[in-house]
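Residue indices begin at 1 and follow the sequence shown.
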Amino acid sequence: MEIPRIPLGDWIESGLTWLTSEFSMVTRGISRFTQTGIDTLNSSLFWLPEWALLGLIALLCWRLGGTRLAIGAIAGLALIWNLGLWEPMIETLTLVVFATLVAIVIALPVGIAAALSNRLYRVIMPILDFMQTMPAFVYLIPAIPFFGIGSVSAIFATVIFSMPPAIRFTTLGIRQVPVELIEAADAYGATRGQKLFKVQLPLSLPTVMAGINQTIMLALSMVVIAAMIGADGLGSEVWRAIQRLRPGDGFEAGIAVVILAMLLDRLTQSLRKTR
């Protein structure tokens with residue numbers, strides 16, 4: 001007895017076709033707005049001389065992380081500059097910044113709501129499990145019909161891929177606040193908003209910052225993969241090296257990605273310790 005095959009792929013294609021046709025005006029507006037923001041930030045960073053931007057980043061690293069981090073930033077960025085990968089590095093940084101900001105704006109309210117509502121928590125956790133176990137390349141598929149080839153699709157896929165850690169860590173941090181402190185706030189007559197903004201969020205800030213750190217790292221990895229759908233930056237340099245069978249160029253771009261990842265990771269960790 002042959003069991004009929006479930007046409008799951010056909011259903012998904014039909015759903016994507018319907019969404020792209022019904023909400024094309026919305027996606028085009030989002031695409032234009034996002035592309036304008038990307039071009040503006042890229043132009044601003046390209047306007048600064050390389051040495052000036054390197055100095056500003058080193059100053060920020062010294063202010064947040066100390067002398068060792070500043071020296072490491074100068075050495076790493078100087079190597080990227082020397083390899084001729086400064087412009088791709090700026091393009092990658094722009095995509096990571098945009099994707100991380102959008103992911104955080106979405107993730108923090110969702111994480112707070114899931115922490116305060118057990119019903120929403122039970123609903124959102126399986127969805128996050130599904131999002132985190134889905135292969136990264138799959139997120140590139142729906143991005144193309146919605147936003148086409150380019151950086152906007154890369155940001156869309158990156159936001160979806162990098163958002164779960166921020167939601168999880170925000171929910172975890174708020175739920176780990178000691179019950180005694182919540183009861184003390186209730187005893188003093190604090191409202192739900194006062195408990196959230198004056199007790200729960202300040203105490204959960206280290207955990208929330210750890211989630212943001214993970215979001216930045218996932219965003220950087222996804223931005224590199226998104227070079228397959230036309231995203232600019234270091235990922236496109238790696239992809240071009242693969243197509244042209246130039247392993248040296250690919251390793252140079254990979255080293256630049258590692259340097260950028262380490263710099264962003266140390267900066268966020270330093271910010272968390274400072275806070």
Side-chain angles (χ1 to χ4, degrees), residues 38 41-104 136 151 154-155 158 161-162 165-166 169 173 205-227 231-241 246-275:
I38 293 172
L41 184 56
N42 276 333
S43 300
S44 301
L45 295 177
F46 287 146
W47 177 78
L48 288 172
E50 288 83 351
W51 58 268
L53 183 57
L54 192 153
L56 289 176
I57 296 175
L59 181 62
L60 178 63
C61 292
W62 173 77
R63 182 67 180 83
L64 294 178
T67 305
R68 292 180 60 184
L69 181 59
I71 295 174
I74 292 173
L77 294 176
L79 177 60
I80 294 176
W81 185 9
N82 179 263
L83 295 175
L85 297 172
W86 187 264
E87 289 190 5
M89 185 271 293
I90 295 298
E91 293 170 343
T92 299
L93 181 61
T94 298
L95 295 179
V96 170
V97 168
F98 263 90
T100 302
L101 289 177
V102 174
I104 291 173
S151 300
I155 289 180
T158 303
F161 179 71
S162 63
F169 278 76
L205 189 59
T207 307
V208 174
M209 290 299 299
I212 293 175
N213 177 271
Q214 292 299 308
T215 297
I216 293 173
M217 294 299 102
L218 289 178
L220 182 58
S221 66
M222 190 63 185
V223 162
V224 174
I225 295 173
D232 298 324
L234 294 171
S236 64
E237 298 295 324
V238 176
W239 184 241
R240 192 177 298 113
R246 294 182 177 178
D249 294 345
F251 272 99
E252 287 181 354
I255 291 172
V257 172
V258 172
I259 292 172
L260 185 59
M262 292 177 63
L263 181 58
L264 293 174
D265 177 65
R266 297 300 185 272
L267 275 175
T268 52
Q269 287 187 10
S270 300
L271 182 61
R272 182 176 62 181
K273 292 177 182 178
T274 304
R275 293 296 299 169

Looking at side-chain heavy atoms only, is the closest gap between [X] and [Y] below 4.5 Å?
{"X": "Trp62", "Y": "Leu59", "result": "yes"}
{"X": "Leu53", "Y": "Pro49", "result": "no"}
{"X": "Ser151", "Y": "Phe98", "result": "no"}
{"X": "Leu95", "Y": "Ile155", "result": "yes"}
{"X": "Met217", "Y": "Thr268", "result": "no"}
{"X": "Val208", "Y": "Phe169", "result": "no"}

Heavy-atom pair of closest approach, residues [X] and [Y]:
{"X": "Ala99", "Y": "Thr158", "value": "CB-CG2, 3.5 Å"}
{"X": "Met222", "Y": "Ala136", "value": "CE-O, 3.1 Å"}
{"X": "Ala154", "Y": "Ala226", "value": "CB-CB, 3.5 Å"}
{"X": "Leu218", "Y": "Pro165", "value": "CD1-CG, 3.4 Å"}
{"X": "Phe161", "Y": "Ser221", "value": "CE2-OG, 3.9 Å"}
{"X": "Ala73", "Y": "Leu263", "value": "CB-CD1, 3.7 Å"}

Distance (rounded to the nearest 0.5 Å) between [X] [atom1] and [Y] [atom2]:
{"X": "Gln269", "Y": "Met262", "atom1": "CD", "atom2": "CE", "result": "10.5 Å"}
{"X": "Ile90", "Y": "Ser43", "atom1": "CD1", "atom2": "OG", "result": "12.0 Å"}
{"X": "Leu220", "Y": "Ile225", "atom1": "CG", "atom2": "CD1", "result": "10.0 Å"}
{"X": "Leu69", "Y": "Arg63", "atom1": "CG", "atom2": "CZ", "result": "13.0 Å"}

Using side chain to side chain contact (heavy atoms under 4.5 Å, CB included) as the criterion, list what pairs up with [X], not counting sequence neighbours.
{"X": "Ile259", "value": "Leu79, Ile80, Ile255"}
{"X": "Leu60", "value": "Leu64, Leu267"}
{"X": "Leu93", "value": "Val97, Leu260, Leu264"}
{"X": "Val224", "value": "Val257"}

**OP:** Scan for side-chain hydrogen bond (donor to acceptor under 3.5 Å, both in side chains) pairs involving residues 76-104, sequence neighbours excluded, and state none if there are none.
**Re:**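 As it turns out, the side-chain hydrogen bond (donor to acceptor under 3.5 Å, both in side chains) pairs with a partner in residues 76-104, which skip direct neighbours, are Asn42-Thr94.
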Original post:
Does Arg68 have any side-chain hydrogen bond (donor to acceptor under 3.5 Å, both in side chains) partners at least two apart in sequence or in another chain, and if so, which?
Top reply: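 Applying side-chain hydrogen bond (donor to acceptor under 3.5 Å, both in side chains) to Arg68 gives none.
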Original post:
Can you name the residues that form a side-chain hydrogen bond (donor to acceptor under 3.5 Å, both in side chains) with Asp232, not counting sequence neighbours?
Top reply: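 side-chain hydrogen bond (donor to acceptor under 3.5 Å, both in side chains) list for Asp232, sorted by chain: empty.
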Subject >> Backbone of Ser162 reached by a side-chain donor or acceptor of Thr215 within 3.5 Å >> reply: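 At least one qualifying donor-acceptor pair exists.
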Original post:
Hey, mind stepping through Ile57 and Cys61 against side chain to side chain contact (heavy atoms under 4.5 Å, CB included) and telling me if it holds?
Top reply: CA-CA 6 Å; Ile57 296 175; Cys61 292; 4.1 Å; yes
Original post:
For residues 248-270, which residue pairs qualify under salt bridge (charged side-chain N to carboxylate O under 4.0 Å, His left out), counting only residues two or more places apart or in two chains?
Top reply: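 Sorted pair list: Arg246-Asp249.
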